[in-house]
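As structure tokens, the structure follows; a few thoughts come after it.
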Number of protein chains: 2
Amino acid sequence: MGPKEISNISVDCVVFGYDIKRKSLNILLIKRYLESETGSSVLVDDYVLTGYHVYEHETLDEASSRVLNKLTGLTNLYKKQFKAFGAPDRLMGEADQIWVKKKQFSPRTFTIAYYFLLKTEDVTLEGNANKAKWFPIEELPRLGFDHEKIIKEAHEDLKVKCLSEPITFELLPVKFTINDVQDLYQSILGIEIDNRNFRRKLINKKYIIALGEKQTGVSKKPAQLYMFSKDVYDKVFNKNYLISI
Amino acid sequence: MGPKEISNISVDCVVFGYDIKRKSLNILLIKRYLESETGSSVLVDDYVLTGYHVYEHETLDEASSRVLNKLTGLTNLYKKQFKAFGAPDRLMGEADQIWVKKKQFSPRTFTIAYYFLLKTEDVTLEGNANKAKWFPIEELPRLGFDHEKIIKEAHEDLKVKCLSEPITFELLPVKFTINDVQDLYQSILGIEIDNRNFRRKLINKKYIIALGEKQTGVSKKPAQLYMFSKDVYDKVFNKNYLISI
DNA sequence: ACAAAAGTGTTCACTTTACACCCATGT
DNA sequence: ACATGGGTGTAAAGTGAACACTTTTGT
């Protein structure tokens, strides 16, 4: 017998994974599938976020990290609790009700939603018991429960957050090129950015450090590699109170 | 018998009220007081946020508005759900446990926290059954549960939010002076702002509309009155993707 | 006339934006 | 040699920050 679950409270994790090769911001989703008893019809066939009930003894942050770790094996990732969802009808879709009955959790479950930032290459999906799969944020499949809404809100929060905090580097490898960062911002924000202006801006930051190394194994001019120094960032960081309404 | 309460989930409301006369950003708190059965000692004597269990049939937003309305009689205020709190020990202080036992709610209650913005002058506290009282954000009394933490996080969120969205006008009367707005920003952010620069900046906004009226009943030079036009703001608003990391 | 707060301009430094071509490398 | 993405410079416009005195009104 494991730890006691709180039956009406869960955490859900929106896992953002950046695929640097495809320049694609992805979401990690889990297959939800159920056939009727006779096997003659498909009752549930869609995707959901990874999530689970909160245990009696743990904090919300701990619960979210546990859930994320169970799916990916990873720890110490950047995470943010961004919103709670608890509408009475959030699990009331046809397929959702079948699923809720089968899994025997409360039809009035509140979920505290987190998002996590990582690199797709850090996750091994082969042999995953949950049939987890990456989907580009712009090409999501049919989603169960209110998870489409949850993902949309996570994405909005990420868009805002990435403009004011250096969280983008959580989505990139330790060594990256300036163009990698630009591609990432473009993927997150869905906009085009001027390369010269972006490059100048980034290179002028003291916490973006040129490594004096170049890319290897590329079939073109290899680019200069940089790293992000959190130490320097924390020292240099200067809270500004610019009112831009 | 009223609507059914969900025993382990509540909403808590951080009510920000701006007192334009005193130039003070205040928090509305409720007295928590309990004597021992003999009356010989005081078991609980502090303040808490207003909050209540969520009902079976309602959304979180509805619950928060209901709670706020019960305390203040007001509706249609600006509100924001900013964070959920659910640490196992959040109701485990000595006084908290006495209170939880008396009120018979679950010692593992999760709360979804909202903040509301209003003007202190819009709330009538006389004859309030809850012994509610305003406290300047910088002079909070002893607080029960984890409510000091909740208030701190609400304040931080408000600081960030007021820099990028015109929510400050929710804290001011319809007609206000430029200096009123400056005082408010100073109260929220805890900083000093240059009057000339601030004034120029605000007056240049198309949605800050000079009314051609002046203050009355002031014992000094009366100031020009302005209003905020949400209509104009929505039309003029231009999402910008300025990366300032 | 005085007290109190309202209101007013300028300069300098820096940042943003717009824009098009050459360069270095691997194949 | 060629294809591919890497890398580069400048000018104009706008914004932010610093800074001190005069004006208007009520009492």
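Note on naming: letters A, B, ... go to the chains in the order of the sequence lines (proteins, then strands), and numbering restarts at 1 for each one. Owing to the predicted nature of the structure, the values given are computational and were not obtained by experimental measurement.
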Rounding to an integer number of Å, can you tell me how far [X] [atom1] sits from [N] [atom2]?
{"X": "B/Lys21", "N": "C/dA5", "atom1": "NZ", "atom2": "P", "result": "16 Å"}
{"X": "A/Arg199", "N": "C/dT15", "atom1": "CZ", "atom2": "P", "result": "19 Å"}
{"X": "A/Gln224", "N": "D/dG6", "atom1": "CD", "atom2": "P", "result": "13 Å"}
{"X": "B/Lys214", "N": "C/dA6", "atom1": "NZ", "atom2": "P", "result": "12 Å"}
{"X": "A/Arg196", "N": "D/dG5", "atom1": "CZ", "atom2": "C1'", "result": "15 Å"}
{"X": "A/Ile178", "N": "D/dG7", "atom1": "CD1", "atom2": "P", "result": "8 Å"}
{"X": "A/Asn195", "N": "D/dT4", "atom1": "CG", "atom2": "C1'", "result": "14 Å"}
{"X": "B/Asn204", "N": "D/dT15", "atom1": "CG", "atom2": "P", "result": "9 Å"}

Does the side chain of [X] come under 3.5 Å of the side chain of [Y] through a donor N or O and an acceptor N or O?
{"X": "A/Ser24", "Y": "A/Asn26", "value": "yes"}
{"X": "A/Asn197", "Y": "A/Arg200", "value": "yes"}
{"X": "B/Asp61", "Y": "B/Ser64", "value": "no"}

Contact nearer the 5' end of DNA chain C, comparing A/Ser219 with A/Asp194: A/Asp194

Donor-acceptor contact present, side-chain B/Lys80 to main-chain B/Leu158, <3.5 Å: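 Not confirmed, B/Lys80 side chain does not pair with B/Leu158 backbone.
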
side-chain N/O B/Lys220 vs D/dT24 OP1/OP2, d < 4.0 Å: no

Contact under 4.0 Å: B/Asn197 side-chain N or O vs D/dG16 OP1/OP2: no

Side-chain-base donor-acceptor pair under 3.5 Å for A/Arg200 and C/dT16: no

Minimum-distance pair of heavy atoms, taken over all atoms of B/Asp45 and B/Lys31: OD1-NZ, 2.6 Å

Touch class at under 4.0 angstrom, heavy-atom based, for B/Leu242 against every strand present: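 Touches sugar-phosphate only.
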
Touch class at under 4.0 angstrom, heavy-atom based, for A/Asn179 against every strand present: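 If one applies the 4.0 Å heavy-atom cut-off, A/Asn179 turns out to touch the sugar-phosphate alone, with no base involved.
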
5' priority, DNA chain D, between A/Gln215 and B/Pro222 [closest heavy atom]: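 Nearest-nucleotide comparison on DNA chain D picks A/Gln215.
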
